Amino acid sequence: QVQLVESGGGLLQAGGSLRLSCAASVRTFSSYAMGWFRQAPGKDREFVAVISRTGSTTDYADSVKGRFTISRDNAKNTVYLQLNSLKPEDTAVYYCAAKPGMALSTTPVRYNYWGQGTQVTVSS
């Protein structure tokens with residue numbers, strides 16, 4: 001069982017920056033690829049970023065590429081999402097998720113474990 005707890009969300013103006021953290025309570029954190037997803041009101045949950053077990057490989061949604069950076073610290077069982085140049089359309093609840101194995105995935109159903117989410121609100 002993996003428990004994930006996100007933190008770092010908040011309310012800020014367009015152009016601002018924020019760093020989200022996701023702490024995992026599991027002994028084998030490095031066995032999981034980690035992803036960030038987001039869900040805006042009335043919309044489906046969408047892929048944001050994913051990072052491989054070692055952190056050597058990452059992938060991003062086109063809408064955030066160049067603005068967001070995913071990273072992880074396996075010694076701290078934590079994955080991060082740095083959000084820069086934020087836009088109002090980035091407003092959503094952001095979720096981290098864990099997927100066992102090597103393969104990266106942009107599909108929510110491939111992830112076994114989810115956090116409770118953290119709200120990010122960007123005003124114009």
Side-chain angles (χ1 to χ4, degrees):
Q1 189 72 13
V2 179
Q3 291 185 326
L4 303 173
V5 179
E6 300 99 334
S7 61
L11 169 64
L12 66 166
Q13 292 186 328
S17 297
L18 208 57
R19 189 175 82 156
L20 307 182
S21 299
C22 172
S25 60
V26 62
R27 287 192 302 166
T28 57
F29 180 66
S30 59
S31 298
Y32 295 84
M34 298 297 297
W36 284 96
F37 295 79
R38 66 186 181 186
Q39 188 165 18
K43 295 188 176 181
D44 293 336
R45 191 167 298 189
E46 65 172 0
F47 166 74
V48 175
V50 62
I51 189 166
S52 63
R53 298 182 302 177
T54 62
S56 60
T57 304
T58 59
D59 192 17
Y60 298 90
D62 288 342
S63 59
V64 307
K65 205 168 288 185
R67 299 188 298 122
F68 292 8
T69 303
I70 189 171
S71 62
R72 67 189 295 162
D73 185 338
N74 286 346
K76 295 182 178 180
N77 281 16
T78 302
V79 62
Y80 305 96
L81 186 67
Q82 178 69 40
L83 292 69
N84 296 328
S85 303
L86 281 160
K87 305 175 181 180
E89 50 265 41
D90 294 318
T91 294
V93 177
Y94 283 70
Y95 299 90
C96 70
K99 174 191 170 300
M102 292 179 57
L104 303 187
S105 177
T106 63
T107 307
V109 296
R110 298 292 186 184
Y111 289 78
N112 297 60
Y113 305 101
W114 292 83
Q116 82 290 348
T118 186
Q119 176 72 46
V120 173
T121 303
V122 184
S123 62
S124 58

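Here the structure is a predicted model, which means the values were calculated and not measured.
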Trainee: Would a 4.5 Å heavy-atom cut-off, applied to side chains only, mark Q116 and V5 as touching?
Mentor: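 Side-chain contact under 4.5 Å: yes.
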
Trainee: Taking side chain as C-beta onward, heavy atoms only, is L12 less than 4.5 Å from L18?
Mentor: yes

Trainee: Got a second to check how far Q1's CD is from S25's OG, nearest 0.5 Å?
Mentor: 8.5 Å

Trainee: Taking only residues at least two apart or on different chains, which pairs with a member in residues 79-101 satisfy ring-ring contact (aromatic ring centres under 6.0 Å, His included)?
Mentor: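 Pairs touching residues 79-101 that pass the test: none.
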
Trainee: Please identify each residue that fulfils salt bridge (charged side-chain N to carboxylate O under 4.0 Å, His left out) with D44, with sequence neighbours left out.
Mentor: none

Trainee: What pair of heavy atoms forms the shortest contact from A98 to V2, and how long is it?
Mentor: CB-CG1, 4.5 Å

Trainee: State, to 0.1 Å, how close L4 and A24 come at their nearest heavy-atom pair, and which atoms those are.
Mentor: CD2-CB, 3.5 Å

Trainee: May I have the list of side-chain donor-acceptor pairs in residues 99-109 shorter than 3.5 Å, sequence neighbours left out?
Mentor:
unit_1: K99; atom_1: NZ; unit_2: A103; atom_2: O; d: 2.8
unit_1: S105; atom_1: OG; unit_2: T107; atom_2: N; d: 3.1

Trainee: Do the numbers put R72 on top of the ring of F29, so that NZ or CZ is under 6.0 Å from the six-membered ring centre and no more than 45° off the axis?
Mentor: yes

Trainee: Identify the heavy atoms of L81 and A49 that sit nearest to each other, and give their distance.
Mentor: CD1-CB, 4.1 Å

Trainee: Under 3.5 Å, is there a donor on one side chain and an acceptor on the other for T121 and Q119?
Mentor: yes

Trainee: Can you pull the disulfide (SG to SG under 2.5 Å) pairs that have at least one residue in residues 79-124, sequence neighbours excluded?
Mentor: C22-C96

Trainee: Grab the two heavy atoms, one from I70 and one from Y60, that are nearest each other, plus how far apart they are.
Mentor: N-OH, 2.9 Å

Trainee: With sequence neighbours left out, write down each residue that passes side-chain hydrogen bond (donor to acceptor under 3.5 Å, both in side chains) with S123, or none if nothing qualifies.
Mentor: none

Trainee: Of L83, I51, V50, V48, which is the lone residue that meets side-chain contact (heavy atoms from CB on, under 4.5 Å) with W36?
Mentor: V48

Trainee: Hey, could you give me each pair passing disulfide (SG to SG under 2.5 Å) that has a residue in residues 26-64? Not counting sequence neighbours.
Mentor: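 Listed by first then second residue: nothing to list.
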
Trainee: May I ask you to check whether over 12 heavy atoms, not counting those of K43, lie within 6.0 Å of atom NZ?
Mentor: no

Trainee: Quick check against the 3.5 Å criterion: does T91 have a side-chain atom that pairs as donor or acceptor with the backbone of V122?
Mentor: yes

Trainee: Partners of S17 by side chain to side chain contact (heavy atoms under 4.5 Å, CB included), sequence neighbours excluded?
Mentor: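 Checked S17 against side chain to side chain contact (heavy atoms under 4.5 Å, CB included); matches are Q82, N84.
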
Trainee: Find out whether W114 and R45 are in side-chain contact, i.e. whether some heavy atom of one side chain is under 4.5 Å from a heavy atom of the other.
Mentor: yes

Trainee: Does E89, at its CD atom, have more than 12 non-hydrogen atoms belonging to other residues, nucleotides or ligands within less than 6.0 Å?
Mentor: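 Above 12, so yes.
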
Trainee: Ring pair (Phe, Tyr, Trp, His ring centres under 6.0 Å) with Y111: which residues, sequence neighbours excluded?
Mentor: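 With sequence neighbours excluded, Y111 shows a ring pair (Phe, Tyr, Trp, His ring centres under 6.0 Å) to F37, given in chain and number order.
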
Trainee: Sequence neighbours excluded, which residues qualify as side chain to side chain contact (heavy atoms under 4.5 Å, CB included) partners of S85?
Mentor: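 For S85 the side chain to side chain contact (heavy atoms under 4.5 Å, CB included) partners, ignoring immediate neighbours, are R67.
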
Trainee: Could you check whether any side-chain heavy atom of N74 comes within less than 4.5 Å of a side-chain heavy atom of Y32, counting everything from C-beta outward?
Mentor: no

Trainee: With hydrophobic residues grouped by side-chain heavy-atom distances under 4.5 Å, do F47 and F68 end up in a single group?
Mentor: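 No, it is not one cluster - the side chains of F47 and F68 are not joined through contacts under 4.5 Å.
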
Trainee: Taking only residues two or more places apart in sequence, or in another chain, which ones meet R110 in a side-chain hydrogen bond (donor to acceptor under 3.5 Å, both in side chains)?
Mentor: none

Trainee: For residues 29-65, which residue pairs qualify under disulfide (SG to SG under 2.5 Å), counting only residues two or more places apart or in two chains?
Mentor: none

Trainee: Please report the C-alpha distance between K87 and D90 in whole Å, then the side-chain angles of each, then the deciding distance to 0.1 Å, and finally whether the salt bridge (charged side-chain N to carboxylate O under 4.0 Å, His left out) criterion is met.
Mentor: CA-CA 5 Å; K87 305 175 181 180; D90 294 318; over 6 Å; no

Trainee: Kindly write out the residues that satisfy salt bridge (charged side-chain N to carboxylate O under 4.0 Å, His left out) with E46, not counting sequence neighbours, or none if the list is empty.
Mentor: R38

Trainee: Give a yes or no on whether the backbone of K76 and the side-chain of T78 come within a donor-acceptor separation of less than 3.5 Å.
Mentor: yes

